[in-house]
Enquirer: 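Take a look at this one; I'll ask things after.
Everything numeric here is computed off the predicted structure, so don't read it as measured data. The figures that follow rest on heavy atoms only: side chains count, while hydrogens, waters and symmetry mates do not. Order of the sequence lines sets the chain letters (A, B, ...), proteins ahead of strands, with each chain counted from 1.
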Amino acid sequence: MDGRNYTPAEMMAIMTCKEFKDWENVFVGIGIPLVAGILAKRFHAPHLSLVYESGSIGPEKMRVDFNVGDSSAADYALSLSSEWHVFGDLQCGFYDVGVLGAAQIDRYGNLNTTAIFGEGDYYKPKVRLPGSGGGNDIGSSVGRVVVMMKLERHRFVEKVDYLTTPGFLDGTPGARERAGLLGDGPSAVVTDKALFYFDSETREMYLDTIYPGVKIDDVKASVGWDLKISKDLKTAPFPTEAELNALRTADPANLIMGGARERDNLSGIDEYVKITLENAYRKEI
Amino acid sequence: MDGRNYTPAEMMAIMTCKEFKDWENVFVGIGIPLVAGILAKRFHAPHLSLVYESGSIGPEKMRVDFNVGDSSAADYALSLSSEWHVFGDLQCGFYDVGVLGAAQIDRYGNLNTTAIFGEGDYYKPKVRLPGSGGGNDIGSSVGRVVVMMKLERHRFVEKVDYLTTPGFLDGTPGARERAGLLGDGPSAVVTDKALFYFDSETREMYLDTIYPGVKIDDVKASVGWDLKISKDLKTAPFPTEAELNALRTADPANLIMGGARERDNLSGIDEYVKITLENAYRKEI
Amino acid sequence: MMSVSSKVGSNNANKVMSLKDAVSKYAVDGSTICFGGFIGRDCVAVVHEIIRQGIKGLTVIDDSKTDIMDLLVGAGCIKRWEGAYLGYGAIGLAPNIRRAVEKGVPQPIEVEDWSNAAISMRYLAGALNIPFMATRSMLGSDILKYNKRIKVINDPYEGKPLALVPAVRPDVAFIHVQRADAMGNAQVWGFTGNDENKVRAAKHTVITCEEIVSPEEIRRNGNLTIIPFYCVDAVVQVPYGCHPQSCYGYYAYDVLFCGEYHKTSSTREGFLKWLDTYVFGCEDHNAYCNKVGWSRLQKLTYLERQFNRIHA
Amino acid sequence: MMSVSSKVGSNNANKVMSLKDAVSKYAVDGSTICFGGFIGRDCVAVVHEIIRQGIKGLTVIDDSKTDIMDLLVGAGCIKRWEGAYLGYGAIGLAPNIRRAVEKGVPQPIEVEDWSNAAISMRYLAGALNIPFMATRSMLGSDILKYNKRIKVINDPYEGKPLALVPAVRPDVAFIHVQRADAMGNAQVWGFTGNDENKVRAAKHTVITCEEIVSPEEIRRNGNLTIIPFYCVDAVVQVPYGCHPQSCYGYYAYDVLFCGEYHKTSSTREGFLKWLDTYVFGCEDHNAYCNKVGWSRLQKLTYLERQFNRIHA
């Protein structure tokens with residue numbers, strides 16, 4: 001294995017992890033965002049506290065979570081609390097950063113996780129999506145939002161079909177405050193090909209960093225509006241071997257990063273238990 | 001000791017205890033009401049659950065509480081919860097009966113625990129009282145209220161100076177419901193001389209039971225309005241020796257029933273610890 | 001005006017009953033229900049029994065309940081969902097929910113969108129017996145646009161926009177916990193979701209638990225009793241009642257069993273076969289455990305206890 | 001608009017400081033404060049230190065806080081009380097409060113009346129960062145008549161009368177707990193009052209505790225951590241910090257010491273002498289414990305542990 005042998009999902013997790021600062025409280029959703037949180041804790045942000053909407057605050061991450069309500073989310077937590085308290089704490093401003101995925105995003109970082117209308121509408125959508133979950137709440141009140149999604153033209157759209165989670169709304173100054181929202185809104189969009197930030201004046205998403213081997217024209221072609229590009233466009237470094245190793249140890253059966261099909265590579269429950277225990281991250285508790 | 005050798009306060013505790021039914025949840029305040037709850041549990045209502053506004057639900061009463069927030073209030077409780085949850089549960093209707101004291105009461109059971117105006121007013125009262133505490137909340141939402149107070153003419157008044165806790169308000173049908181109140185209001189007033197109930201039609205307090213040796217005229221003279229008397233006026237039995245014994249064991253240093261001055265009868269902390277442990281009510285826990 | 005007595009079940013020392021009786025008594029056709037836990041501590045055994053009994057026309061009001069909702073929707077038990085999330089993150093909807101919403105198979109379901117914080121606040125309002133709660137969520141979003149039961153006001157103290165959400169008062173809450181006594185005092189370890197509020201908001205509560213313990217055991221750690229007896233109507237001992245979901249301190253998530261479910265349920269036929277095997281083919285939860293295999297369940301307990309133990 | 005960062009103290013591993021420093025930093029003249037516990041777990045050591053430092057002009061917003069308010073009022077620290085209860089049941093007001101309210105000695109105090117549930121809801125609103133909460137208390141009473149900050153509305157869902165009470169956001173909450181780690185994760189045994197909400201509503205929180213323990217000890221029982229580190233600014237170890245009040249699992253109520261206080265404080269002179277002996281005459285809480293006598297304190301611990309033990 002070397003640092004150039006990695007999947008787009010792995011690159012996305014590693015780029016996301018760098019958006020967290022040490023000592024922050026991160027409100028994490030399930031899947032890749034969570035692995036990014038584990039990774040940050042094992043590298044530059046050992047004092048990061050993860051918070052789960054199920055009510056777990058500051059667990060030690062010794063095994064990967066398959067969902068935000070997996071009992072693993074509660075492993076040696078500093079505080080085992082309630083869903084409503086955690087959302088109250090979110091609204092109080094105690095959480096610095098949240099990570100969200102979406103099916104659609106617009107240039108102001110507004111997100112759709114509810115429905116793709118297609119020829120239809122909200123009541124007869126082409127694709128019904130899961131809904132807000134805690135996404136709207138996080139986008140409304142958390143310090144800043146990091147969005148993780150695949151860079152595809154049908155996802156980066158001029159206007160989202162359904163605005164599930166507010167970004168900068170219409171982008172006018174003070175739009176969030178006028179609506180009554182507390183958090184500072186989206187700060188970064190991490191994709192499988194490039195990293196985007198938001199202009200502090202216009203609130204518009206711009207291309208900040210491109211990943212190794214990706215062409216600017218590919219990125220522009222994957223965005224449904226005339227994308228602005230940083231005057232100081234950067235290229236991301238390759239992931240390090242240490243990062244890739246840590247990532248693969250955190251998700252030893254590759255069930256999160258690799259997805260559902262990886263389950264077929266396991267012979268059964270015995271192998272799964274064995275792999276989990278062999279790769280458990282042991283801190284002295 | 002025989003059953004005729006008792007204080008008015010002891011009679012009041014024993015009469016109050018009879019107002020509780022087995023299996024009920026009783027929201028208790030401090031002092032004599034609490035001793036009445038302990039007593040009921042040791043006699044006819046062993047499955048009574050006591051609830052304290054500090055957040056304790058269903059403790060075993062092995063020692064007396066000096067206040068509703070004494071750690072004794074939490075002894076082996078079934079649930080140790082919060083003040084706000086207990087008040088929420090009160091508002092949900094989970095508590096059958098509450099016990100309240102007051103400085104003034106009117107014929108409709110409205111209570112004043114805030115201020116005696118005298119020549120003054122709310123802002124310059126003759127006597128400033130403790131305030132509502134949880135009294136208003138209990139009177140608003142509990143199933144029924146048992147009031148405990150001394151029978152004195154300056155307490156049983158035509159109109160309370162300040163309505164801290166609603167009884168039947170102006171006594172008109174549906175007055176409580178119109179105000180938005182949930183509980184059924186006062187059911188009994190237990191005093192040191194007699195027991196009063198409320199007419200289910202007129203909502204007016206009437207004399208139901210007189211204590212041994214008390215004269216009706218004494219009772220009438222102690223009430224500031226033209227008191228109605230039950231056609232079926234009863235005389236309370238003397239307390240039994242068992243009741244008095246239980247009462248005195250529940251409060252072995254006589255600090256609740258006897259009041260503050262009884263402290264001087266104790267030689268010091270060693271004697272207090274000894275008396276408390278010797279009289280502790282031991283259930284197998 | 002809610003009568004005081006409407007929320008008070010009879011207090012008695014022994015509320016223990018069978019899962020079959022608890023479900024048939026409280027999960028009647030057309031009722032409104034909710035479930036405890038948050039994926040972990042999901043009421044899976046209860047859901048199997050609801051399906052086994054063929055209960056129909058249920059409304060579920062809940063936060064994120066994908067796994068058990070997929071079963072209930074696929075089995076045709078659900079009329080309406082008021083909630084926040086039905087899905088598997090990037091994967092999208094669960095298989096039966098997708099078929100119901102996109103093709104009306106086995107039947108269409110009504111969906112009303114809320115956020116998780118909104119549902120949490122709706123249960124908090126129910127638990128306090130007040131008609132609504134305020135939240136700063138959903139402002140500026142299309143959730144408001146399509147859900148007219150959310151009212152945006154300028155609050156009377158600060159004059160700023162605020163969303164109001166109405167209380168929930170479901171007919172019944174099913175909550176799985178680690179330990180309860182026969183009277184219904186229920187103790188939870190791990191995150192607690194909205195359970196403490198659901199049981200207070202619901203007209204009836206059924207507790208399923210890993211272990212029924214003595215009241216004396218409960219009294220040793222009253223701080224863990226987040227559900228007091230007076231909220232509870234029935235207590236049922238159902239060990240491994242959350243499988244294949246996790247139960248903190250008792251057993252880990254069965255990721256492979258869930259994987260099989262997803263694969264099998266990707267077709268309607270596969271799902272029906274799955275139901276025949278694990279629900280209709282098992283007369284009760286014990287039979288389900290037999291079918292899953294006690295050795296497998298023990299391994300999940302072993303795995304969990306390498307990470308989480310209950311200290312009490 | 002409240003900035004997000006205004007409520008977030010710096011997260012760091014070690015917030016331990018002396019009681020003297022914590023009080024001088026957070027209980028500044030003119031600030032608005034509240035205290036944890038509910039008579040049991042009263043912040044007595046904190047109150048002594050506030051008096052020792054001569055802090056003035058405090059507003060206290062709280063439920064039932066008779067004992068510590070009597071000290072603060074008598075020492076002239078209090079400008080205003082927004083609360084529910086200052087008294088001893090049938091006995092009436094506490095001695096210093098009576099003198100302040102009835103005779104303006106040592107100075108008058110402003111009093112605004114609420115009920116305990118109303119104060120609880122004001123803190124719940126603060127903890128959720130919403131401007132108000134609804135309650136069915138106080139309707140039809142004179143509390144409403146004299147307190148214009150309680151707004152009676154016909155609620156927009158059911159059309160029935162309802163009282164709204166505004167959120168509290170005190171400058172600082174002082175909370176005494178049994179155990180906390182240096183980062184501020186605080187665990188409480190016994191009833192919890194409104195503590196979980198006070199720390200979230202307050203701009204700053206100071207935890208005093210019987211014992212500072214390791215984070216590993218906290219992690220063994222995360223369900224008891226009702227106060228997470230991010231609500232906390234300072235952690236102070238103050239054994240017997242509630243004496244003469246009780247601390248569940250640690251020591252019983254000192255009824256005789258309280259009796260002496262009442263007797264002595266029945267005159268202003270007696271109270272001032274008491275202050276000289278137990279507050280000004282003790283340079284810190286350790287000196288207070290010396291004066292009370294460690295043997296006496298140990299007896300209270302012995303007594304408490306005959307009834308309550310912490311199982312963790």
Enquirer: Flag yes if more than 12 heavy atoms outside K151(D) fall under 6.0 Å of its NZ atom; otherwise flag no.
Expert: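 Buried by this count: over 12 neighbours within 6.0 Å.
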Enquirer: Name, in order of residue number, those residues of residues 66-75 of chain A that have a heavy atom at a distance of less than 4.5 Å from a heavy atom in chain D; otherwise write 'none'.
Expert: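 From residues 66-75 of chain A, none sit under 4.5 Å of chain D.
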Enquirer: Rounded at 0.5 Å granularity, tell me how far CG in N25(A) sits from CZ in F229(D).
Expert: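 These two atoms lie 4.5 Å from each other.
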Enquirer: Please classify the contact between I57(A) and chain D as side chain, backbone, both or neither, with a heavy-atom cut-off of under 4.5 Å.
Expert: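 Contact with chain D involves the side chain of I57(A) alone.
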Enquirer: In terms of heavy-atom proximity below 4.5 Å to chain D, should S49(A) be classed as side chain, backbone, both, or neither?
Expert: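 The side chain, not the backbone.
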Enquirer: To the nearest 0.5 Å, how far apart are CH2 in W84(A) and CG in L128(D)?
Expert: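 Interatomic distance, W84(A) CH2 to L128(D) CG, rounded to 0.5 Å: 6.0 Å.
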Enquirer: Which value, rounded to the nearest 0.5 Å, describes the distance between S82(A) atom OG and I226(D) atom CD1?
Expert: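 Between atom OG of S82(A) and atom CD1 of I226(D) there are 11.5 Å.
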Enquirer: Heavy-atom cut-off 4.5 Å, strictly under: side chain, backbone, both or neither for N185(D) against chain A?
Expert: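 Contact with chain A is through the side chain of N185(D) alone.
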Enquirer: Roughly how far, to the nearest 0.5 Å, is OG of S81(A) from CD1 of I227(D)?
Expert: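 Reported value, rounded in 0.5 Å steps: 11.5 Å.
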Enquirer: Please look at N221(D) and chain A and tell me whether the side chain, the backbone, both or neither of the residue comes under 4.5 angstrom of a heavy atom of that chain.
Expert: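 Answer is neither: N221(D) stays 4.5 Å or more from chain A.
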Enquirer: Testing L90(A), D89(A), L182(A) for side chain to side chain contact (heavy atoms under 4.5 Å, CB included) with N129(D), which one passes?
Expert: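 Between N129(D) and the candidates, side chain to side chain contact (heavy atoms under 4.5 Å, CB included) is satisfied uniquely by L182(A).
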Enquirer: Grab the two heavy atoms, one from L78(A) and one from T225(D), that are nearest each other, plus how far apart they are.
Expert: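 Residues L78(A) and T225(D), closest heavy atoms: O-OG1, 2.7 Å.
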Enquirer: If you tally heavy-atom pairs under 4.5 Å against chain A, which of N223(D), L224(D), N197(D), I218(D) wins?
Expert: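 Answer, by heavy-atom pair count under 4.5 Å with chain A: N223(D).
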Enquirer: Side chain, backbone, both or neither: which part of A13(D) has a non-hydrogen atom closer than 4.5 Å to chain A?
Expert: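 The answer is both parts of A13(D).
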Enquirer: Hey, could you give me the CZ/CD distance between R200(D) and Q91(A), rounded to the nearest 0.5 Å?
Expert: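 Going from the CZ atom of R200(D) to the CD atom of Q91(A) covers 13.0 Å.
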Enquirer: Considering non-hydrogen atoms only, spot the tightest contact between P228(D) and S79(A) and give its length.
Expert: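 Heavy atoms of P228(D) and S79(A) come nearest at CB-CB, 4.3 Å.
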